[in-house]
Amino acid sequence: MVRRSSGNWALQAALDRRGLGPVAGVDEAGRGACAGPLVVAACVLKPGDGRRFGGLTDSKLLPVTERERLFELIVARSVSWSAIVIAAEEIDALGIHVANLEGMRRAVAALSTHPGYVLTDGFRVPGLPAPSVAVPKGDRVAACVAAASVVAKVTRDRLMSDLHTTLPMYRFDEHKGYTTAEHKRRLRYHGPSVHHRWCYSNVVAAANLHGMRPPRSVSSKPGLFDASGTGVVDNGVKPVQGRTTRGDGR
């Protein structure tokens, strides 16, 4: 038995004591976005290193500066970490859930240290190279999952900020392609880009307004997923609604 009140290092410590380590945590960022890549990260933290990671929790609950600080600490002190970037093209080909599962398998396989046990956030992932268990709210319960969530979030945010420099009309630096009110407005005004996910219904709806066709083959059913509904969200949390600025889409 591991009590949640004993802190988010307790589950990893219990597995380590029973010889089941190293323990890897896996999480993703960008599942609830309708643009940009999905980033899946895995992380193995050093046993007993909890004091150095004060404040480590679900990346969505952390201020940007704290996420950046923890990211640098994780990179410097973890036993091993990996980040897998799955482009919008692959999401369109596989569908978001299959792409997410595949990304988690790749992230664990990319670790330089083979884990003895894997903790995943929220749902079971078949095909992992080690025994695993799905942990509800894992990014708040298990430190290694929280670390993976920070790595995934910071990596994806940086990629979306870079994308903003080439496509400033979408303001990917502010809402990172999540379906905020601001992104919905800009998506409808400008139409989708090649970096949008054309298997998402809101992207298809915006494309139809402009008479646009998908820039690539979409193997998963076009419009199957709705990023503004409850079917596609980041770790069970809906994106926060954004503000609306200028009415000319700039």
Side-chain angles (χ1 to χ4, degrees), residues 4 7-9 11-12 24-43 45 50 53-75 78 81-86 91 96-97 99-101 103-104 107 119-123 125 134-164 171-184 197 200 202 225-243:
R4 183 173 298 184
N8 63 0
W9 284 78
L11 180 53
Q12 173 179 329
V26 189
D27 202 3
E28 92 286 328
R31 182 178 173 91
C34 66
L38 176 73
V39 177
V40 185
C43 188
L45 297 176
F53 285 92
L56 178 60
T57 186
D58 176 5
S59 62
K60 296 183 296 300
L61 302 179
L62 297 170
V64 174
T65 54
E66 183 66 1
R67 280 202 303 265
E68 292 283 348
R69 182 190 72 81
L70 285 167
F71 176 85
E72 298 301 332
L73 186 61
I74 292 164
V75 169
S78 64
W81 67 275
S82 66
I84 303 298
V85 178
I86 301 177
I91 295 170
I96 185 62
H97 185 62
N100 194 16
L101 294 176
M104 290 187 168
L119 304 179
T120 61
D121 184 27
F123 53 86
V125 180
V135 182
K137 300 291 184 182
D139 46 13
R140 305 183 193 186
V141 175
C144 56
V145 179
S149 78
V150 169
V151 170
K153 176 66 173 168
V154 171
T155 301
R156 186 177 191 277
D157 283 359
R158 291 176 178 179
L159 291 172
M160 296 306 292
S161 293
D162 289 344
L163 189 57
H164 168 71
R171 294 314 307 244
F172 288 137
D173 60 330
E174 290 187 355
H175 47 66
K176 308 297 188 293
Y178 288 94
T179 54
T180 63
E182 177 67 8
H183 187 59
K184 290 177 184 177
R197 302 173 184 177
Y200 280 40
N202 58 323
F225 305 102
D226 181 3
S228 62
T230 57
V232 182
V233 293
D234 242 359
N235 301 329
V237 179
K238 290 185 179 181
V240 176
Q241 295 299 302
R243 58 183 175 84

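Being a predicted model, the structure only gives us computed values, none of them experimental.
- In this structure, R67 contributes its side chain and L62 its backbone to a donor-acceptor pair below 3.5 Å.
- Each of I84, V151, L159 was evaluated against V39; a single residue qualifies, L159, per the side chain to side chain contact (heavy atoms under 4.5 Å, CB included) test.
- Proximity of a side-chain donor or acceptor of R140 to a complementary backbone N or O of T57 within less than 3.5 Å is not detected.
- Geometrically, R156 engages Y178 in a cation-pi contact defined by less than 6.0 Å to the ring centre and at most 45° from the axis.
- Of the possible polar contacts, none joining the S82 side chain to the A41 backbone as a donor-acceptor pair under 3.5 Å is found.
- Residues L119 and V145 come closest through the heavy atom pair O-CG2, 3.6 Å.
- Taking every heavy atom of both residues into account, K176 and S161 meet most closely at CE-OG, 3.9 Å.
- Checking side-chain atoms of S59 against main-chain N and O of S149 turns up a donor-acceptor pair under 3.5 Å.
- Side-chain contact between V135 and D121 is absent, with no heavy atoms from C-beta onward closer than 4.5 Å.
- Contact detail for D173 and R171: the closest heavy-atom pair is OD2-NH2, 2.7 Å.
- A 4.5 Å side-chain heavy-atom check between L56 and V150 finds at least one atom pair inside the cut-off.
- The shortest distance between side-chain heavy atoms of V40 and D27 does not fall below 4.5 Å.
- Between V125 and F123 the shortest side-chain heavy-atom distance falls below 4.5 Å.
- Between N100 and L38, some side-chain heavy-atom pair lies under the 4.5 Å cut-off.
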Trace of the side chain to side chain contact (heavy atoms under 4.5 Å, CB included) decision for E174 with H164: CA-CA 9 Å; E174 290 187 355; H164 168 71; over 6 Å; no
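- Looking at every heavy atom in both residues, E66 comes nearest to G54 through OE2-O, 4.0 Å.
- The two residues C43 and A148 have their closest heavy-atom pair at CB-N, 4.0 Å.
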Worked check of salt bridge (Lys or Arg N to Asp or Glu O under 4.0 Å) between D157 and K153: CA-CA 6 Å; D157 283 359; K153 176 66 173 168; 3.3 Å; yes
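- In this structure, CD in E28 is found 8.5 Å from CG in D139, a value given to the nearest 0.5 Å.
- The OG1 atom of T179 sits 6.0 Å away from atom CG of N202, with the distance rounded to the nearest 0.5 Å.
- Taking the six-membered ring where tryptophan is involved, the planes of H183 and H175 are tilted, since the angle between them lies from 30° to 60°.
- Proximity of P136 to V141: side-chain heavy atoms (C-beta onward) are nowhere separated by under 4.5 Å.
- Side chain of Q12 to backbone of L45: a donor-acceptor contact under 3.5 angstrom is found.
- Once rounded to the nearest 0.5 Å, the distance linking CZ of F53 with SG of C144 reads 11.5 Å.
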Verdict with supporting geometry, I96 and Y200, side chain to side chain contact (heavy atoms under 4.5 Å, CB included): CA-CA 9 Å; I96 185 62; Y200 280 40; 3.4 Å; yes
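- Residue I74 comes nearest to W81 through the heavy atom pair O-CD1, 4.4 Å, listed as atom of the first residue, atom of the second, then distance.
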